[in-house]
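Down below is the structure, laid out as structure tokens.
These numbers come from the heavy atoms of this one structure, side chains and all, not from hydrogens, waters or symmetry mates. Order of listing sets the numbers, starting from 1, for every ligand and every atom in it.
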Amino acid sequence: MTIATNADQDRVIIFDTTLRDGEQSPGATMSHAEKLEIAALLDDMGVDVIEAGFPVASEGDFEAVADIARLSKNSVICGLARANFNDIDRAYEAVKHAAQPRIHTFIGTSPLHRDITALDMDGMVAKIHDTVSHARNLCDNIQWSPMDATRTEHDYLCRVVETAIKAGATTINIPDTVGYTAPRESAALIRMLLERVPGADAITFATHCHNDLGMATANALAAVEAGARQIECTINGLGERAGNTALEEVVMALRVRNDIMPYRTGIDTTRIMQISRLVATVSGFPVQFNKAVVGKNAFAHESGIHQDGMLKNSETFEIMRPADIGLSATNLVMGKHSGRAALRSKLADLGYELGDNQLKDVFVRFKALADRKKEVYDDDLIALMQDSATNAEHDYLQVRKLRVICGTEGPQEADLTLAIEGVDHSIDATGDGPVDATFNAVKMLFPHGARLQLYQVHAVTEGTDAQATVSVRLEQDGRTYTGQSADTDTVVASAKAYVNALNKLILHKHRGNLSELMQTAG
Ligand code: KIV
Ligand code: ZN
């Protein structure tokens, strides 16, 4: 991997925190296997640094970071730690397996955060010195962050940054933790630190922006223009509250507007759609249709004038080509006569490289879909792949069989067979409509205290035989869990989405609460 040095001033390091800050989004809990799959793709597509998790948070987080560290080929693997020796030791234990490990330690430096920690300014400086020195004794690659930097007094920010550099930090990250800054201010802050802090020219400055006011991408790019050379970002902008800077946005902005922002990244942009779909599926956070770069409509041209212009010269209305981000140009229709080789090649076009066993399984699902639906479009295949990823063989709960009776004469009825840890259980339940009856049946077979917060249905394509993708969000103890599924039968998709959310809740019960840990940070 090539990391920017002073001799390589236009190279911007891409630091992806989908698996740490992204996973902190309420409801975005990911399984161990899902984290490994995302990390492998990030590593493959040229992400320089992967923040793989917060190892002290739970045994599950630790194992995920350690396995990602063991398996990474190119990327630096980073683990987060609060400003205490125990967190730092745990982070190092997890990342040490990587060819290139990094510890990222942080403390809240703004007046609000200092109040919470009951440390005065001098006390905090001493703590930063001790913890960064401790980390540096374990590992050569140390990142340090003054959390809430954009609301920290400038003089004090200079003092703590200088302390961290002297104690051995190699990257200083400047987080806009609450998404409060604006582009001009973001740039001025980096410039001020570069000018005033002794030793600043020997380390890399990073920018970490949250998107509360919709300015995360602009703030990150402004910081780069001022001298920051690492952008912290997540796929699809996933992250706490309104999310983080979106990787696809900064990478494509630097590529498309290289004329005015002459910086480069090491990202293979043709993998962007693939990673975007994977993250949307496993996090259960669908990408908004008009999302920049990766939204379903980002390359759609509806109006007559636009379509006419596109046919004559695509540059009239397109600043990037779909292929640049890995979108296939054609939407070839597949059907029940399409063979395995055609399916493999179509899925490869869509960014899914399948092994023989996986293809066998997906082919069976594809045939079942093609039997029910005359024409199978790209979006159908994507939904099918996402469904295979979210409803897996080894899940704690699995929908085996469902029959519903519905119509004008109520009450509607659902006859459900659910496998719980591999053992089938069946029940009949009634409800106010088929979905309500189905959810009641799930609840009777697997009683739980989670509250349904959101139930949402989207048609994947047009026509009455279209597949429906269903999202279900459950809430328990202040935490949310989002499940998704797709099927031509909306009620079946609903049952599977509900069960998918419950599986995530069950998974989370074995883990600590990240948000609580973050609040005690510093
Ligand atoms: O937003 C933030 O301040 C963070 C820190 C842990 C870097 O995520
Ligand atoms: Zn953050």
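With a 4.0 Å heavy-atom cut-off, ligand 1 is reached by the side chain of Arg20 but not by its N, CA, C or O. Contacts between Asp21 and ligand 1, counted as non-hydrogen atom pairs separated by less than 4.0 Å, involve the side chain only. Residue-level proximity to ligand 1 for Glu232 is absent, since no heavy atom of it falls below 4.0 angstrom.
For ligand 1, the atoms closer than 4.0 angstrom to any heavy atom of His210 are 1 (O). Every atom of ligand 1 is numbered from 1 in the order shown, and the set under 4.0 Å from a heavy atom of His208 is 1 (O), 2 (C), 4 (C), 8 (O).
Where the criterion is an N or O separation shorter than 3.5 Å, residue side chain and backbone included, Asp148 fails it with respect to ligand 1. Checking only distances, Thr177 does come within under 3.5 Å of ligand 1, N or O to N or O.
Between NE2 of His208 and OD2 of Asp21, the angle at the Zn ion (ligand 2) works out to 90°, rounded to 10 degrees.
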Self-check item: Test side-chain hydrogen bond (donor to acceptor under 3.5 Å, both in side chains) applied to Thr234 and Asn244, step by step
Solution: CA-CA 6 Å; Thr234 58; Asn244 290 61; 4.7 Å; no
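Ring-plane geometry between His448 and Tyr498 is classed as perpendicular, the angle between the planes exceeding 60 degrees on a 0 to 90 degree scale with a lower cut at 30.
When each of Glu23, Gln143, His104 is checked for a side chain to side chain contact (heavy atoms under 4.5 Å, CB included) with Glu51, only His104 meets the rule.
Counting non-hydrogen atoms of other residues, nucleotides and ligands closer than 6.0 Å to OH of Tyr180 gives a total of 12 or fewer.
Checked for salt-bridge contact, Arg159 and Glu153 miss the test: no charged N lies under 4.0 Å from a carboxylate O. Using a 4.0 Å cut-off between charged nitrogen and carboxylate oxygen, Glu59 and Arg90 count as a salt-bridge pair.
For Glu185, the side-chain hydrogen bond (donor to acceptor under 3.5 Å, both in side chains) test picks out Thr181, with sequence neighbours left out.
The shell of residues lying under 4.0 angstrom from ligand 1, judged by heavy atoms, includes His104.
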